[in-house]
Undergrad: 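One structure is given below, represented as structure tokens, and several questions about it will come after.
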Amino acid sequence: MSFHSINYCLALLLGCLSVCVVVSQTQYKRLEYKYSFKGPYIVLKDNSVPFWDVGGNAIASDDQIRLAPSLKARKGYMWSKNAVNFDWWEVEMSMRVSGSGRVGGDGLGFWYTTERMQEGDAFGGPTTWHGLGVFFDSFDNDGKMNNPYVYVILNDGDKVFDHDADGNVQQLGGCLRDYRNKPFPIKVKVEYYRNVLTVLMSNGLTADEVPELCLRAENVYLPRNAYFGLSAATGGLADDHDVLSFVTNSVHDQSQERSQQISQMERQKLESQFRDYNDKLEVQRQEYLKQHPEKAQQQQTLQQQQAGTAGQFENPQDRALRQIFDGQQFIHLAIQQLHKRIDEIIGRQERTLSAVSSITSGQVTVGQPVAAISQQQQPPQQQAPIQRYEVDSIIRTQQELQTALRDVKCVGVFLLYFVEGLLAVLTVLSLCRNFVADIQGKVIQVQQTQKMQPQQPASYQQAGQPNLSELRDVLNSVRQDTMAILSRPQAMPSCPAQGGITTLWFGVFIVVQTVIFVGYNVFKSSGESKSKKFY
């Protein structure tokens with residue numbers, strides 16, 4: 001046991017002790033035996049229950065009261081003979097409802113009313129009453145699929161219990177609890193203190209289970225001098241409704257305790273009566289065991305078994321701590337398994353990424369398996385077997401990579417042709433520019449040569465006059481042609497034809513490439529739709 005768990009247990013123990021001290025300072029409880037019964041000796045020799053009246057189909061035995069047997073249309077009840085003479089009370093009841101069917105019926109009722117010994121359709125009790133009714137309804141009469149259900153109804157004597165609707169409109173509150181066919185008896189605790197009604201109930205899964213809260217209602221005003229009662233009924237479906245114990249405690253304040261202190265003589269008188277009653281009960285018990293030796297043998301064997309197995313069972317605190325530690329250990333192991341699986345997934349993802357990078361870099365062929373690539377790049381090591389869905393995932397990844405590579409190849413070819421056409425156009429433009437530059441250079445050279453010629457004699461000038469005028473005309477025509485070419489650079493009829501793709505073939509290639517690309521996309525989408533239908 002760790003240090004933190006010890007501290008937690010100590011803190012919880014101190015909290016419980018503090019609560020107990022506060023409760024003990026505010027109130028105290030006193031057992032009211034005239035409003036209680038408990039096995040193993042509930043009935044007397046005449047099959048009567050002390051301080052209680054039993055009626056209907058109820059069957060009283062030594063260890064329990066069967067209010068209604070598992071037969072159709074049966075009703076049973078029992079009521080206290082004495083009216084309650086204290087204001088606040090607490091009832092702890094142990095019961096068992098069992099039947100052979102998946103659905104049971106009809107239910108059991110706990111009563112605190114001003115009238116007694118009345119039979120009716122409210123789970124064997126009266127349909128109109130003045131006081132409190134706590135009902136354990138097993139059958140779903142209203143069809144809302146919310147049974148077994150435990151609920152409370154307060155009645156002032158004017159309301160009639162709506163059995164067909166399970167008293168939905170009349171309920172003060174309730175809770176959904178499955179109390180049928182449990183391995184251990186169900187513990188019910190009904191407390192009424194300072195006009196606050198509290199109903200607690202266990203699940204019946206363990207023997208020492210603490211009841212849990214089912215209902216708490218404030219400003220509840222119950223009548224005084226009322227009677228406690230129990231009833232049960234069966235309909236078309238039948239369950240055994242057994243009550244094993246019914247223990248009533250009166251709840252008082254400290255001021256009431258001081259005001260209600262009895263004298264010493266009265267205390268001695270009550271103690272002597274209690275001792276006499278206890279002695280008579282023990283004598284009757286011994287006589288019963290003498291008359292039934294098989295019962296005595298069974299009781300002796302049971303005592304020996306309990307004494308032999310007393311040290312073999314752990315207490316509730318140790319069991320709770322052991323369950324907590326077992327749960328923490330299970331969670332720890334599960335987290336370790338998750339870490340291992342995550343590491344395996346990350347390793348496989350890294351191998352797949354390395355294979356993809358090898359394919360894109362050209363180190364291996366596209367059709368080469370991923371397992372061979374991972375064996376080339378990593379040293380051999382023992383790995384977990386690859387599952388079928390992982391192989392399918394790798395195959396799909398390879399197919400997608402091949403498709404992407406084919407697309408990249410097509411785009412590369414298109415770009416190559418486009419670059420070749422662009423280079424051809426640039427080549428034509430550069431040749432035209434060089435031709436224009438050559439013409440301009442020749443014109444400038446002729447002009448400079450004309451300026452640098454020396455003065456010639458008159459006879460020579462006259463003789464060469466026609467040649468110079470012709471040369472001037474030629475230069476002017478050349479200049480005009482050059483200016484026309486420069487003003488219209490796009491019109492180059494005299495440019496020499498160069499090798500490369502023409503504009504017509506380039507347009508045809510673009511159209512063919514577009515048709516192929518659209519057809520491929522249509523084929524790919526149809527293949528994906530077929531694969532989706534297959535999976």
Side-chain angles (χ1 to χ4, degrees), residues 15-16 19-20 22-24 26-39 42 51-52 63-65 67 78-80 84 86-97 107-113 123 125 131-138 148-154 171-180 182-222 226-232 241-253 316:
C16 294
V19 170
C20 294
V22 171
V23 172
S24 63
T26 56
Q27 64 182 18
Y28 79 98
K29 301 176 184 179
R30 184 172 61 187
L31 175 64
E32 301 293 341
Y33 66 93
K34 293 183 179 181
Y35 308 93
S36 307
F37 62 86
K38 186 178 181 181
I42 297 178
F51 310 108
W52 291 81
D63 54 352
Q64 65 183 16
I65 305 294
L67 296 174
M78 63 183 303
W79 291 85
S80 62
V84 175
F86 39 85
D87 296 334
W88 320 121
W89 44 266
E90 176 187 274
V91 174
E92 295 180 359
M93 180 175 62
S94 177
M95 68 175 191
R96 181 187 289 112
V97 179
L108 185 146
F110 166 87
W111 303 92
Y112 177 78
T113 63
F123 305 100
L132 169 68
V134 181
F135 302 120
F136 302 84
D137 194 349
S138 303
Y149 193 70
V150 182
Y151 55 92
V152 174
I153 295 180
L154 298 178
Q171 293 179 12
L172 179 64
C175 63
L176 187 65
R177 296 291 176 87
D178 186 9
Y179 51 80
R180 295 183 66 250
K182 295 301 179 181
F184 295 94
I186 302 296
K187 297 179 181 179
V188 181
K189 183 177 180 180
V190 182
E191 182 179 0
Y192 179 65
Y193 180 70
R194 292 186 179 275
N195 299 324
V196 177
L197 179 65
T198 307
V199 179
L200 300 96
M201 188 174 177
S202 67
N203 294 321
L205 300 178
T206 58
D208 53 356
E209 187 176 4
V210 179
E212 299 177 356
L213 181 63
C214 174
L215 168 70
R216 186 180 187 276
E218 298 181 356
N219 299 323
V220 177
Y221 298 95
L222 299 179
Y227 299 89
F228 287 118
L230 295 171
S231 66
H241 299 80
D242 302 328
V243 179
L244 284 70
S245 64
F246 190 95
V247 179
T248 304
N249 296 313
S250 59
V251 184
H252 306 275
D253 296 334

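Keep in mind it's a predicted model, so treat the numbers as computed, not measured.
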Undergrad: Rounded to the nearest 0.5 Å, what separates atom CG in L215 from atom OG1 in T198?
TA: 7.5 Å
Undergrad: Is the shortest side-chain heavy-atom distance between L197 and V190 below 4.5 Å?
TA: yes
Undergrad: Where the side chain of Y179 meets the backbone of G204, is there a donor-acceptor pair that is under 3.5 Å apart?
TA: no
Undergrad: Relative to each other, are the rings of F246 and F37 parallel, tilted or perpendicular (30° and 60° limits)?
TA: parallel
Undergrad: With distance as the sole test, does S231 use its side chain to make a donor-acceptor pair with the main-chain N or O of F123 at under 3.5 Å?
TA: yes
Undergrad: Please give me the minimum heavy-atom distance between S138 and V97, naming the atom from each residue.
TA: OG-CG1, 4.4 Å
Undergrad: Do the side chains of V220 and L172 get nearer than 4.5 Å, heavy atoms only?
TA: yes
Undergrad: Pick one: which of V152, V150, I153 meets side chain to side chain contact (heavy atoms under 4.5 Å, CB included) with F135?
TA: I153
Undergrad: Checking F51 against W79 for the ring-ring contact (aromatic ring centres under 6.0 Å, His included) test, could you report, in this order, the C-alpha distance in whole Å, the side-chain angles of both residues, the deciding distance, and whether it holds?
TA: CA-CA 9 Å; F51 310 108; W79 291 85; over 10 Å; no
Undergrad: Do E32 and S250 have a side chain donor and acceptor closer than 3.5 Å?
TA: yes
Undergrad: Hey, what do you get for CE (M201) to CE (M95), rounding to the nearest 0.5 Å?
TA: 4.5 Å
Undergrad: Quick one, L108 with V243, criterion side-chain contact (heavy atoms from CB on, under 4.5 Å). Give me CA distance, side-chain angles, the key distance, then yes/no.
TA: CA-CA 10 Å; L108 185 146; V243 179; 4.2 Å; yes
Undergrad: Taking K189 first and then E90, would you say they form a salt bridge - that is, a charged N and a carboxylate O separated by under 4.0 Å?
TA: yes
Undergrad: Are more than 12 heavy atoms, taken from residues, nucleotides or ligands other than K38, located less than 6.0 Å from that residue's NZ atom?
TA: no
Undergrad: Specify whether F110 and W89 have parallel, tilted or perpendicular ring planes, treating 30° as the upper limit for parallel and 60° as the lower limit for perpendicular.
TA: tilted
Undergrad: Among F86, W52, Y112, exactly one meets ring-ring contact (aromatic ring centres under 6.0 Å, His included) together with Y35. Which residue is that?
TA: F86
Undergrad: Please check this pair: side chain of S36 against backbone of T248, looking for a donor-acceptor N/O pair closer than 3.5 Å.
TA: yes
Undergrad: Given side chains that start at C-beta, do those of V210 and L200 come closer than 4.5 Å, heavy atoms only?
TA: no
Undergrad: Mind checking whether Y193 and W88 have parallel, tilted or perpendicular rings, split at 30° and 60°?
TA: perpendicular
Undergrad: Between Q64 and I42, which heavy-atom pair has the shortest distance, and what is it?
TA: N-CD1, 3.4 Å
Undergrad: Counting only N and O atoms by type, is there a donor-acceptor contact under 3.5 Å from the side chain of Y151 to the main-chain atoms of D137?
TA: no
Undergrad: With a 4.5 Å heavy-atom cut-off, do N195 and E218 have their side chains touching?
TA: no
Undergrad: For the pair S94 (side chain) and L244 (backbone), establish whether a donor and an acceptor sit closer than 3.5 Å, ignoring hydrogens and angles.
TA: no
Undergrad: Nearest 0.5 Å, what's the CG-CD1 distance between D242 and I65?
TA: 9.5 Å
Undergrad: Are any side-chain N or O atoms of S202 and backbone N or O atoms of E209, one a donor and one an acceptor, separated by less than 3.5 Å?
TA: no
Undergrad: Please report the interatomic distance CD(E212) to CG(N203), rounded to the nearest 0.5 Å.
TA: 5.5 Å
Undergrad: Are the side chain of R180 and the backbone N or O of P148 linked by a donor-acceptor pair below 3.5 Å?
TA: no
